[in-house]
Amino acid sequence: MNYWLVKSEPEAYSWADFTRETSTDWTGVRNYQARNNLQAMQPGDLVLFYHSVSEKAVVGVAIVHAAAAPDATAEAGSPWVAVHLRPHEALARPVPLAALKAEARLSQLALLRQSRLSVTPVRPEEFDLVLELGAG
DNA sequence: GCCAACGTTGGC
DNA sequence: GCCAACGTTGGC
């Protein structure tokens with residue numbers, strides 16, 4: 001099992017929107033590196049859900065429900081893919097970007113090293129630590 | 001609102 | 001194939 005992080009601007013699509021829908025196709029990724037990460041996701045993988053821009057915090061955990069398939073919002077024949085995600089659990093306390101940056105053990109976190117990439121891998125120990133930080 | 005990072009486009 | 005110009009993302 002692998003771990004990931006996806007970013008979303010809460011004004012565009014928030015954790016609340018996600019849980020209201022009960023599942024979603026993670027469409028709209030138009031960056032090759034991010035697409036490669038989407039393609040590597042397998043059902044059961046866990047995905048940190050990060051609110052960018054206005055909130056800048058990890059707010060929940062999603063689970064990959066279906067592996068990558070062509071992105072229905074992209075032109076037919078285009079290389080873009082989407083995975084199907086379902087909410088797994090909300091964090092008791094959102095973990096702000098500042099807290100991620102302040103934690104030395106997260107210094108290699110892909111989110112911090114490549115802040116513009118919208119889908120990034122997360123190491124198992126990093127994932128566990130973020131969950132600890134977000135526990136009640 | 002500004003700007004750094006970085007991906008893309010297009011002229012040469 | 002190089003690189004300048006430009007657009008976008010996202011933190012501050």
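Computed from a prediction, not measured in an experiment: that's the story for all the values here. Values below: all heavy atoms of this structure, side chains included; hydrogens, waters and symmetry mates excluded. Within every chain, numbering begins at 1; the chains are lettered A, B, ... in the order of the sequence lines, protein sequences first and strands thereafter.
- Using five terminal pairs a side, the axes of the helix from B:dG1-C:dC12 to B:dC12-C:dG1 at its two ends make an angle of 10°, given in steps of 10 degrees.
- Salt bridge present: A:Asp71 and A:Arg30 bring a charged side-chain N and a carboxylate O closer than 4.0 Å.
- Atoms NZ (A:Lys7) and C1' (C:dG10) sit 7 Å apart, rounded to a whole Å.
- In this structure, CD of A:Gln33 is placed 13 Å from C1' of B:dA5, rounded to the nearest angstrom.
- Between the side chain of A:Arg86 and the backbone N or O of A:Ile63, no donor-acceptor pair lies under 3.5 Å.
- Screening A:Asp17, A:Thr19, A:Thr24 for a side chain to side chain contact (heavy atoms under 4.5 Å, CB included) with A:Glu21, the sole residue that qualifies is A:Thr24.
- Defined by atom type and a distance below 3.5 Å, a donor-acceptor pair is missing between the side-chain atoms of A:Trp4 and A:Asn37.
- For DNA chain C, the neighbouring residues in residues 98-118 of chain A, judged by any heavy atom under 4.0 Å, are A:Lys101, A:Ser115, A:Arg116.
- At a threshold of 4.5 Å between non-hydrogen side-chain atoms, the residues A:Tyr13 and A:Phe49 count as touching.
- Contact annotation: A:Tyr50 does not reach the phosphate of C:dT9 (side-chain N/O to OP1 or OP2, under 4.0 Å).
- Between A:Trp26 and A:Phe18, the ring planes are perpendicular. Angles over 60° get that label, and only those under 30° would be called parallel.
- Contact of the A:Leu91 side chain with the A:Leu133 side chain is not registered, since no non-hydrogen atoms from C-beta on lie closer than 4.5 Å.
- Atom NZ of A:Lys56 is separated from atom P of C:dT9 by 17 Å (rounded to the nearest Å).
- Separating the CG atom of A:Leu5 from the P atom of C:dT9 is a distance of 17 Å, rounded to the nearest angstrom.
- Going from atom CG of A:Leu97 over to atom P of C:dC12 covers 5 Å, rounded to whole Å.
- Put simply, CD on A:Glu9 is 7 Å from P on C:dT9, counting in whole angstrom units.
- There is no side-chain donor-acceptor pair under 3.5 Å between A:Glu125 and A:Tyr3.
- For the 3.5 Å distance criterion, the side chains of A:Ser54 and A:Glu11 qualify, holding a donor opposite an acceptor.
- Taking atom CD on A:Glu11 and atom C1' on C:dG10, their separation rounds to 12 Å, with Å as the unit.
- A:Glu55 places its CD atom 19 Å from the P atom of C:dT9, with the value rounded to the nearest Å.
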